[in-house]
Every structure is written in structure tokens, then in C-alpha cells.
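Lettering follows sequence order; numbering is per chain, from 1. Every value quoted in this text rests on a predicted model; they were computed, and no experiment measured them.
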Amino acid sequence: MTPADSDGDPTAEGGHDAVPATGVETGAGAGKRRSWPLYEVFVRGRRGLNHVHVGSLHAADAEMALHNARDLYTRRNEGVSIWVVLADDITASSPAEKDPFFAPAGDKVYRHPTFYVIPEEVPHL
Amino acid sequence: MSTADLEQGFAATISADQRIEPRDWMPEAYRRTLIRQIAQHAHSEIIGMQPEGNWILRAPSLRRKAILIAKVQDEAGHGLYLYAAAETLGVDREALTEKLIESRQKYSSIFNYPTLSFADIGVIGWLVDGAAICNQVPLCRCSYGPYARAMIRICKEESFHQRQGFELLLAMVNGSDAQREMVQESTNRWWWPTVMMFGPPDDDSPNTAQSMEWGIKRHTNDELRQRFVDMAVPQAAALGVSLPDPELVWNEERKAHDYGDPDWEEFKAVVAGAGPTNAQRVARRRRAHENGAWVREAAQAYADKQAARAAGRKDCEVAA
């Protein structure tokens, strides 16, 4: 039982919502069905900037994903270029291992310019 | 790592006001609360297209029609941002839609009221979207990263919704007597359902404490409702309309408005499915979903065919 399941009263939890939290299914645990695959969307806001992850969407194929991404994420000229990538094709580091994974950078203070003490009167350093 | 370690890590992230991201460990109750809240929020955006879509064909000018279409498109977009955020928690969008059309998940009670005149389009923008903004701005700092990021996008667009509504009403109150009466009549109908959008009063809202502890919710229902009422009063004055609450009065001591209690019995009845349009909203959503099935299947068949052809070409290249 979650706290939200524990009584019969409606609550306003978010957004437009004043919604009941009891007797309402979450959908968690439902089996995956064969629906359009998930694409992650990256948008370049303007020339000179990197593509940045903006969200995801479903589409039957990559071309449809591009068109849907345009309609969903750039309705107000937010981009000049879009990448779509199948979510299943992304390889990611594991959050559970983040400490050991990033440990090699943890103890190398000499990689930062502030590590080096230079007399204040020396210019342009 | 033991469960205790995982719980401690989660609590530390929350208390440092950092965001929880999809692949982080999280308590099952946190995950389920978020899925329910984000799904209900997404459903509200999608169902919210109906009362406004009702007026696209009858908008009084091309300008108003174009604005209304853009707004309804935004509602669809907001629904999709939110379904995408819900999917990061391990649910399937298709499954959520099925739960909506089988009435196993809910949406905001406000969309179970009908839009009876074109003034309603303005009042929805002004009051309903205004209330939504009060609710949504704090959600931009929600502890769950994908939800917070979706809310940032939504809030930016919501501001257009509120302003277009207010501008529409300004045009009407500067028009004929009949138009002014329409605005007043519409305001009278929508005021109380809007005040109810923030949910039951704090002493009747037992889940608030847990949601606030988790950083999902940042303010109580009554805090947000007060903020909304204080914002709406001067806006109503600017329009020259009255708000239908005889107890609404400035309290100099609190530096805030006192206001009356909405009819919470009505609220509970509407949430339970007895609102004026509950059945129609869900039936239409179901019809749209079922009528769209062949489109989804055809697009999939086309994609499969193209993929097979591409694979065939590759085989030929290898053979050559």
C-alpha cells in the first residue's frame, strides 16, 4: 500500500489536477505490448550550439519520429536541427556504479588550473 | 547494496534538493505515486482538448480559430511530454491510455464541465489555465527530473494560454452588453469548479505531507488556492466582472483575501464520475483511440515493409 492508497479521499496532486488517489491503477507492471518503438529526441536550438536531449516519443520508424519530434518539440522555433535515436540503441553508464565509474577523475586535482599557484604579479595566466 | 543503503541514498538526494533520475533506485511508493500523478496529469491534458475543441468550428473569426487550434495542439503536446515522463518510470503509454478509456485512471475534475458559450474559451484560459499555472510552477522543482523538465516546457506554453484567454475576455467586455453578460455568466459557472481544482482543504488532504516530504509537491492545496484567489481578484476587476463568492473580501490582517468554501460534495461527486460530461469525455476519448487503431497498424506495416526492403538491399550488397 502506498500512502496515496490508504484512504478514499481525492487529492490535488499536480498540474490541472484535483484527482482521487485511491482505487486508481498505476499501470506499473503491465506487460510491454508491441507498440511503436521509443525514440529519444535531441534538438539543436540554433547554429553554434550542441544538440541537447529534450525528451522522447514513439514512432513507427525514424522518419516518422523526426516529423513527430518537429511537431512536439519545436512548435515555437525551438530548433534548427533534430536528431532521433532509438532508445534501445543507447548504452548508458549504470547509476548504481556512479562512484567507482567516475572515481578516476576524483583524485586528479592537477587537471584543474586552480591547482597551480602562480605569483599574483605575473600577468595573463 | 542493501535496501537500507539505497533508501539512505535516495533520502540524501531528496534532502539535498537534487533530482531523482529514471535509473536511480527509488522507493516503490514514490514510483507509484509519481506514475499515478503524472498519468492523471497527462490524461487531463488530453481530455482537456475536448471542451476547447468543441469551439474550433464555431470560433467567431479566423484569428480566434487559429489561436484555438494552436492551444488545443499545445494540450496534446503537454499530454505527450507527460506520457513520456511517465514512461521513464517503467509504464507503457498504451497501457495508460487503456486505463483512461476504461475509467480506471482519472483526470482533473474541471474537464467534466461543459463549454456552453464562446466566453468559456476565454474564461478557461484566464481562470482554469491560471489555476493550472499556480499548480504547475512549483512542479518545475519537483524531485523527479523528467517530470520537472516536462513541467518547465509546459509552463512556458501555459503562459500563452492564459494571456490569450484574458485578451479574448477583454475584447468581449469591450463589446456589446450581450457579450459582457456572456463573460459574467461564464465566470459565474467556472469560478467554483476552478477553486476546487486545487483539491480538498489541507485538513482533508492526508497525502499532502508524504508528497511534500518527497519533494513531489512544494505547497499545500490551500496555499496554492490562496495564491490563485489573490491573483484572480484584481484580474476580475480589470475585466469589470464580479466573482460569485459573497464571502470574498480583502483581509488586511492576513494581507490576503478571505473566501468561501466551495461545495465539496459536488467536487466528490464529479471526481466519482457524476459530473455533467464525465461519460461523454471518456466515450469520445475511447472512440478516438479505437478509430485510430488502423492508422497505428498501417504505419507499423509500412515501417516493417521499409525495414524489410532495406534489409533485402543489404543482403544483395553482401552477396555481390
Counting only heavy atoms not in A:Asp88, do more than 12 fall under 6.0 Å of its CG? no

Are side-chain N/O atoms of A:His58 and B:Glu94 paired as donor and acceptor at under 3.5 Å? no

Please rank B:Asp74, B:Leu80, B:Ile133 by heavy-atom pairs under 4.5 Å with chain A and give me the top one. B:Asp74

Looking just at side-chain N and O atoms, do B:Tyr302 and A:Glu63 make a donor-acceptor pair shorter than 3.5 Å? no

Chain A heavy atoms under 4.5 Å from B:Phe160: which part of the residue, side chain, backbone, both or neither? side chain

Side chain from CB out, backbone as N, CA, C, O: work out which of these in A:Ala62 comes under 4.5 Å of a heavy atom of chain B, or both, or neither. neither

Let's test your reading of the structure: which of B:Glu21, B:His43, B:Arg149, B:Arg153 forms the most heavy-atom pairs below 4.5 Å with chain A? B:Arg153

Within-4.5 Å side-chain heavy-atom neighbours: B:Pro201 and B:Asn221: no

What heavy-atom pair brings B:Val128 and B:Met197 nearest, and what distance separates the two atoms? O-CE, 3.7 Å

Give, as side chain, backbone, both or neither, the part of A:Leu57 having an atom under 4.5 angstrom from any heavy atom of chain B. neither

